[in-house]
Amino acid sequence: MKHSTNPQTRRGRGPARRVGRTLAFVLPVVLVFSGTLAVARVNWSGSPSSPVLAAADTAVSGASSSGASSRTAERAPHEVLRDRLLVELQEENPGVALTHLQQAVNDRPSLARHCTSIARALGKAAVRVYGPTRAQSYTRPVCDTSFASGVLTAHG
(Lines give C-alpha, C1' and ligand atoms only; values in the text may rest on other atoms or scores of the structure.)
Protein backbone atom coordinates (compact mmCIF):
# COMPACT_ATOMS: atom_id res chain seq x y z
CA MET A 1 0.00 0.00 0.00
CA LYS A 2 1.37 3.36 -1.03
CA HIS A 3 0.86 6.45 1.14
CA SER A 4 -0.27 9.60 -0.57
CA THR A 5 2.04 12.58 -0.58
CA ASN A 6 -0.60 14.83 -1.99
CA PRO A 7 0.29 18.51 -1.26
CA GLN A 8 -3.34 19.22 -0.46
CA THR A 9 -3.23 16.75 2.48
CA ARG A 10 -0.04 18.27 3.83
CA ARG A 11 -1.40 21.81 3.53
CA GLY A 12 -4.43 20.89 5.71
CA ARG A 13 -2.23 19.85 8.63
CA GLY A 14 0.04 22.91 8.57
CA PRO A 15 -2.08 25.54 10.34
CA ALA A 16 -3.48 23.02 12.82
CA ARG A 17 0.00 21.86 13.67
CA ARG A 18 1.16 25.47 14.21
CA VAL A 19 -1.81 26.18 16.47
CA GLY A 20 -1.11 22.99 18.42
CA ARG A 21 2.53 23.90 18.89
CA THR A 22 1.61 27.42 19.99
CA LEU A 23 -0.85 26.05 22.56
CA ALA A 24 1.72 23.53 23.75
CA PHE A 25 4.06 26.41 24.50
CA VAL A 26 1.58 29.02 25.81
CA LEU A 27 -0.62 26.81 27.99
CA PRO A 28 2.09 25.75 30.49
CA VAL A 29 3.26 29.36 30.77
CA VAL A 30 -0.29 30.50 31.57
CA LEU A 31 -0.76 27.71 34.12
CA VAL A 32 2.50 28.51 35.89
CA PHE A 33 1.71 32.21 35.92
CA SER A 34 -1.82 31.72 37.32
CA GLY A 35 -0.49 29.31 39.96
CA THR A 36 2.13 31.86 41.00
CA LEU A 37 -0.56 34.53 41.33
CA ALA A 38 -2.73 32.21 43.42
CA VAL A 39 0.13 31.44 45.80
CA ALA A 40 1.06 35.11 46.02
CA ARG A 41 -2.53 36.03 46.97
CA VAL A 42 -2.61 33.78 50.08
CA ASN A 43 -1.91 35.54 53.35
CA TRP A 44 0.98 33.44 54.70
CA SER A 45 1.68 35.69 57.70
CA GLY A 46 -1.06 34.17 59.83
CA SER A 47 -2.50 37.55 60.79
CA PRO A 48 -5.99 38.16 59.41
CA SER A 49 -6.49 41.01 56.97
CA SER A 50 -10.28 40.68 56.89
CA PRO A 51 -12.39 42.47 59.51
CA VAL A 52 -14.50 39.32 59.83
CA LEU A 53 -11.44 37.25 60.71
CA ALA A 54 -10.19 39.92 63.06
CA ALA A 55 -13.49 39.71 64.92
CA ALA A 56 -13.25 35.93 65.00
CA ASP A 57 -9.71 36.06 66.34
CA THR A 58 -10.66 38.63 68.97
CA ALA A 59 -13.58 36.53 70.13
CA VAL A 60 -11.46 33.38 70.30
CA SER A 61 -8.42 34.88 72.01
CA GLY A 62 -10.03 37.54 74.16
CA ALA A 63 -11.45 35.78 77.20
CA SER A 64 -12.73 38.05 79.94
CA SER A 65 -14.27 37.29 83.32
CA SER A 66 -17.88 37.20 82.11
CA GLY A 67 -19.51 33.83 81.39
CA ALA A 68 -20.50 34.77 77.83
CA SER A 69 -16.97 35.76 76.90
CA SER A 70 -15.48 32.58 78.31
CA ARG A 71 -17.99 30.51 76.30
CA THR A 72 -17.04 32.46 73.17
CA ALA A 73 -13.36 31.85 73.85
CA GLU A 74 -13.97 28.09 73.86
CA ARG A 75 -15.60 28.16 70.42
CA ALA A 76 -13.76 27.34 67.22
CA PRO A 77 -12.92 30.18 64.82
CA HIS A 78 -15.29 28.83 62.16
CA GLU A 79 -18.19 28.90 64.62
CA VAL A 80 -17.44 32.50 65.56
CA LEU A 81 -17.14 33.39 61.88
CA ARG A 82 -20.47 31.68 61.09
CA ASP A 83 -22.25 33.56 63.86
CA ARG A 84 -20.70 36.87 62.80
CA LEU A 85 -21.77 36.29 59.18
CA LEU A 86 -25.30 35.40 60.27
CA VAL A 87 -25.52 38.74 62.07
CA GLU A 88 -24.16 40.51 58.97
CA LEU A 89 -26.77 38.73 56.85
CA GLN A 90 -29.53 40.20 59.01
CA GLU A 91 -28.02 43.68 59.36
CA GLU A 92 -26.81 44.08 55.76
CA ASN A 93 -27.76 41.41 53.20
CA PRO A 94 -26.64 37.92 52.16
CA GLY A 95 -24.36 39.34 49.47
CA VAL A 96 -22.22 41.13 52.06
CA ALA A 97 -22.05 38.01 54.23
CA LEU A 98 -21.04 35.83 51.26
CA THR A 99 -18.36 38.33 50.23
CA HIS A 100 -16.91 38.29 53.75
CA LEU A 101 -17.05 34.49 53.81
CA GLN A 102 -15.06 34.32 50.59
CA GLN A 103 -12.53 36.83 51.96
CA ALA A 104 -12.21 34.86 55.20
CA VAL A 105 -11.53 31.62 53.32
CA ASN A 106 -9.04 33.37 51.04
CA ASP A 107 -7.24 34.94 54.02
CA ARG A 108 -7.24 31.79 56.12
CA PRO A 109 -7.23 28.60 54.02
CA SER A 110 -7.82 26.45 57.11
CA LEU A 111 -11.42 27.72 57.11
CA ALA A 112 -12.04 26.22 53.65
CA ARG A 113 -13.21 22.88 55.08
CA HIS A 114 -15.97 24.74 56.98
CA CYS A 115 -16.96 26.97 54.07
CA THR A 116 -19.69 24.63 52.82
CA SER A 117 -21.45 24.35 56.16
CA ILE A 118 -21.21 28.10 56.80
CA ALA A 119 -22.57 28.96 53.34
CA ARG A 120 -25.41 26.44 53.78
CA ALA A 121 -26.29 28.01 57.15
CA LEU A 122 -26.29 31.45 55.50
CA GLY A 123 -28.65 30.14 52.80
CA LYS A 124 -31.09 28.77 55.37
CA ALA A 125 -30.98 32.02 57.36
CA ALA A 126 -31.50 34.06 54.19
CA VAL A 127 -34.74 32.17 53.48
CA ARG A 128 -35.97 32.92 57.02
CA VAL A 129 -35.11 36.62 56.73
CA TYR A 130 -35.77 37.38 53.04
CA GLY A 131 -38.00 34.57 51.77
CA PRO A 132 -36.99 31.94 49.20
CA THR A 133 -37.19 34.05 46.02
CA ARG A 134 -35.21 37.00 47.32
CA ALA A 135 -32.71 34.72 49.10
CA GLN A 136 -32.09 32.84 45.85
CA SER A 137 -31.26 36.13 44.11
CA TYR A 138 -28.13 36.44 46.27
CA THR A 139 -26.75 33.06 45.17
CA ARG A 140 -23.17 33.08 43.92
CA PRO A 141 -20.46 30.43 43.58
CA VAL A 142 -18.99 30.75 47.06
CA CYS A 143 -18.05 27.30 48.41
CA ASP A 144 -19.44 25.36 45.44
CA THR A 145 -22.96 26.82 45.52
CA SER A 146 -23.56 25.74 49.12
CA PHE A 147 -25.54 28.93 49.75
CA ALA A 148 -28.01 27.87 47.05
CA SER A 149 -28.16 24.42 48.60
CA GLY A 150 -29.07 25.98 51.96
CA VAL A 151 -31.78 28.08 50.32
CA LEU A 152 -33.21 25.00 48.64
CA THR A 153 -33.08 22.94 51.84
CA ALA A 154 -34.83 25.63 53.87
CA HIS A 155 -37.46 26.23 51.19
CA GLY A 156 -38.18 22.57 50.43
Here the ring-ring contact (aromatic ring centres under 6.0 Å, His included) pairs for residues 122-141, sequence neighbours left out, are Y130-Y138

Can you name the residues that form a side-chain contact (heavy atoms from CB on, under 4.5 Å) with H114, not counting sequence neighbours?
-> H78, S117, I118

Hits for side-chain contact (heavy atoms from CB on, under 4.5 Å) against A121, two or more places apart or cross-chain, chain-then-number order -> R82

Closest contact, heavy atoms only, A135 versus V127 = CB-N, 3.8 Å

Which value, rounded to the nearest 0.5 Å, describes the distance between L98 atom CG and E88 atom CD?
-> 10.0 Å

Listed by chain and number, what are the side-chain hydrogen bond (donor to acceptor under 3.5 Å, both in side chains) partners of Q136, not counting sequence neighbours?
-> T139

Spacing of CG belonging to D107 relative to NE2 belonging to H100, to within rounding of 0.5 Å = 10.5 Å

Beyond-backbone contact of L122 with P94, side-chain heavy atoms, under 4.5 angstrom = no

Test side-chain contact (heavy atoms from CB on, under 4.5 Å) applied to V129 - qualifying residues, sequence neighbours left out = L89, Q90

